Amino acid sequence: DLKFTYDDKILIHTSDNQIIKKTWDTIEKAVINTDCIWLFSDSDILLPKKAMTENEFNALTLVVLDQVKNVYKNQEFK
């Protein structure tokens with residue numbers, strides 16, 4: 001069961017009973033494209049667009065753009 005919650009200070013990602021709790025300043029970079037948002041740090045978090053509503057994806061995009069220093073939009077993953 002996947003769950004992702006956030007505010008302007010922290011983010012919490014829960015997957016298969018593993019909980020990752022981080023402050024936004026620990027995210028080294030983010031990639032945003034039409035399919036997902038990928039957050040990179042010591043443990044990467046992939047957030048597929050299909051797992052959220054359009055409004056949730058747009059709201060998260062705005063928070064990532066505001067909170068993460070290195071954001072790459074419309075990039076392919078290599």
Side-chain angles (χ1 to χ4, degrees):
D1 193 29
L2 292 173
K3 184 176 180 183
F4 183 77
T5 56
Y6 64 92
D7 61 24
D8 63 341
K9 303 235 184 306
I10 65 166
L11 57 106
I12 301 169
H13 182 258
T14 306
S15 174
D16 299 326
N17 297 324
Q18 178 187 9
I19 298 173
I20 300 171
K21 187 175 184 179
K22 299 185 169 296
T23 57
W24 282 107
D25 61 356
T26 63
I27 304 299
E28 298 165 9
K29 73 175 179 176
V31 175
I32 301 171
N33 67 27
T34 57
D35 297 321
C36 65
I37 297 174
W38 203 339
L39 306 174
F40 294 87
S41 66
D42 59 346
S43 54
D44 302 340
I45 300 172
L46 178 63
L47 303 164
K49 183 177 183 177
K50 65 182 178 183
M52 56 189 102
T53 68
E54 187 76 26
N55 286 342
E56 289 170 332
F57 186 81
N58 292 338
L60 180 56
T61 296
L62 292 175
V63 171
V64 170
L65 288 169
D66 186 52
Q67 298 293 334
V68 180
K69 289 183 178 158
N70 299 307
V71 179
Y72 303 92
K73 288 190 75 178
N74 302 316
Q75 299 288 311
E76 293 297 320
F77 298 113
K78 297 180 181 176

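Remember, predicted model here, so these are calculated numbers, not experimental data. Index from 1, following the sequence.
Hydrophobic clustering keeps Ile10 apart from Ile20 (ILVMFWY residues linked when any side-chain heavy atoms are closer than 4.5 Å, directly or through intermediates). Note: the hydrophobic cluster containing Leu65 also contains Phe57 (ILVMFWY, side chain heavy atoms under 4.5 Å, direct or indirect links).
Applying the side-chain hydrogen bond (donor to acceptor under 3.5 Å, both in side chains) test to Thr26 and every residue at least two apart in sequence or in another chain returns nothing.
Taking CG of Leu60 as the reference point, atom CD1 of Ile37 lies at 3.5 Å (rounded to 0.5 Å). With rounding to the nearest 0.5 angstrom, the CZ atom of Phe40 is 10.5 Å from the CD1 atom of Ile27.
Ile45 and Trp38 get closest at one heavy-atom pair: O-CD1, 3.2 Å. In this structure, Asn33 and Asp35 approach most closely via the heavy-atom pair OD1-N, 2.7 Å. Cys36 approaches Pro48 most closely through the heavy-atom pair CB-CA, 3.8 Å.
Side-chain atoms of Asp25 and Thr23 form a donor-acceptor pair, as typed in the model, at a separation below 3.5 Å.
With Lys21 as the fixed residue, the side chain to side chain contact (heavy atoms under 4.5 Å, CB included) test singles out one of Thr5, Ile12, Leu11: Ile12.
Sorted by first then second residue, the salt bridge (Lys or Arg N to Asp or Glu O under 4.0 Å) pairs that include residues 37-50, not counting sequence neighbours, are Lys22-Asp42, Lys49-Glu54.
Within the 4.5 Å cutoff, the side chain of Leu39 has heavy atoms near those of the Phe4 side chain. Side-chain atoms of Gln67 and Asp8, non-hydrogen and from C-beta on, do get closer than 4.5 Å to each other.
Under the 3.5 Å distance criterion, the side-chain polar atoms of Trp24 are matched with a main-chain donor or acceptor of Asp7.
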